[in-house]
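The block underneath contains the structure these notes are about, expressed in structure tokens.
Quick note on labels: first sequence line is chain A, next is B, and so on, each numbered from 1.
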Protein chains: 2
Amino acid sequence: MKLTSKGRYAVMALADLANFNSVHPVSLRDISLRQGISLDFLEQIFSKLKKNNIVKSIRGTNGGYILNKDPVQIKLANILNAVDEEVKTVQCKKESKKGCNSKTSKCITHNLWDELEIHINYFFEKKNLKDLINNTSESRN
Amino acid sequence: MKLTSKGRYAVMALADLANFNSVHPVSLRDISLRQGISLDFLEQIFSKLKKNNIVKSIRGTNGGYILNKDPVQIKLANILNAVDEEVKTVQCKKESKKGCNSKTSKCITHNLWDELEIHINYFFEKKNLKDLINNTSESRN
DNA sequence: TACAAACCTGACTAAATTAGTCAAGTATAG
DNA sequence: CTATACTTGACTAATTTAGTCAGGTTTGTA
């Protein structure tokens, strides 16, 4: 299973972006400073987010990024997919790698990992960016 | 988040063990052959399972391992803990690593990852070994 | 028009982790 | 007494991660 900094940063950055979305586009530099994420790394991440139509970029002075949809329409699943964070619990799925063809009794636990994958993805399907920004602005103290 | 082969193998091996538990102890060699897992790797894994009282070992000729409890009492959470697979979604938890102190607006997504962690752990708390062996013996075809 | 802010792209890499291997045991049933 | 099986710990090749680095291109504003 993969869920690494890239995915986490993507979500953090977009939550940040959602908070400041109203007025100007938000520059990566600002996000970098506020969230403590390397600018270069952010660029990699946003390149993918843009390709997946989650954000739009505005070039030139005072440019930056804006969300391409309403925060409520941006599911976490979308974000994580965009940055190639696959929540894969089994490898034996893609092409029958050794140790997992259903003919033999091998890969006894195949169903289990499938269920887990569904369980986790359900979580990411349910949550959207809006949920996040509500959550944080409240839980500050 | 971590969920790697070690955890997967541990679960597979124990499911296999549960299937053959009734009569003799089961040797790691057998499990290795049936599940296609390296014997040496299995030894590492079972050493930990034993330390955590999930299995008992029986030495000597025809020795091997047996479950230490009824399969229904062995939760997946127990197994994964035993082999050090922590399902941790945030690092910023242990000691306030940079980027996550609740004073600033950083780590906006902290709550989210906490929720995810709970969500996943719930799954592992619910499932036990018995569930697994029922599942597989049925879904064979 | 100049120029700086900002986006954009791809190659590269140090560090960590994974998934084992290898070697050298110890214990015990038969 | 010896083959079988467990036990322990050190070691390592390959992969992945989390970025860095270098060199662009684009465009708003003065």
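- Checked options Ile31(B), Ile66(B), Leu67(B); the residue passing with Val26(B) is Ile31(B) (criterion: side-chain contact (heavy atoms from CB on, under 4.5 Å)).
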Distances under 3.5 Å between nitrogen or oxygen atoms of protein and nucleotides 21-24 of chain C:
unit_1, atom_1, unit_2, atom_2, d
dT21(C), OP2, Ser38(B), OG, 2.6
dT21(C), O4, Gln44(B), NE2, 2.8

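- Looking at residues 49-57 of chain A, you'll see that no heavy atom sits under 4.0 Å from any atom of DNA chain D.
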Just distance, no hydrogens or angles: give the donor-acceptor pairs under 3.5 Å from side chains in residues 54-61 of chain B, sequence neighbours left out.
unit_1, atom_1, unit_2, atom_2, d
Ser57(B), OG, Lys50(B), NZ, 3.1

Please list, for nucleotides 27-30 of chain C, all pairs of protein and nucleotide N/O atoms separated by less than 3.5 Å.
unit_1, atom_1, unit_2, atom_2, d
dA27(C), O4', Arg59(B), NH1, 2.1

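- Listed by chain and residue number, Lys75(B) satisfy the side-chain hydrogen bond (donor to acceptor under 3.5 Å, both in side chains) test with Glu125(B) (two or more places apart in sequence, or in another chain).
- Annotation: side chain to side chain contact (heavy atoms under 4.5 Å, CB included) contacts of Asp40(A) (sequence neighbours excluded): Ser38(A), Glu43(A).
- With hydrogens and angles disregarded, a donor-acceptor distance shorter than 3.5 Å links the side chain of Asn121(B) to the backbone of Glu117(B).
- Counting to the nearest Å, the P atom of dT4(D) and the CG atom of Asp30(B) are 13 Å from each other.
- Asn62(B) pairs by the side chain to side chain contact (heavy atoms under 4.5 Å, CB included) definition with nothing, not counting sequence neighbours.
- Across all strands shown, Tyr9(A) has heavy atoms under 4.0 Å from sugar-phosphate atoms exclusively, and none from any base.
- When the side-chain hydrogen bond (donor to acceptor under 3.5 Å, both in side chains) test is applied to Gln44(A), no partner is found at least two apart in sequence or on another chain.
- Position along DNA chain D of the nearest nucleotide to Ser47(B) versus Arg29(B) favours Arg29(B) as the more 5'-ward residue.
- Side-chain nitrogen and oxygen atoms of Thr4(B) include none within less than 4.0 Å of the OP1 or OP2 phosphate oxygen of dT17(C).
- A donor-acceptor pair under 3.5 Å links the side-chain atoms of Ser32(B) to the main chain of Ile37(B), judged by distance alone.
- Listed for the Asp70(A) side chain is no donor-acceptor partner under 3.5 Å among the backbone atoms of Gln73(A).
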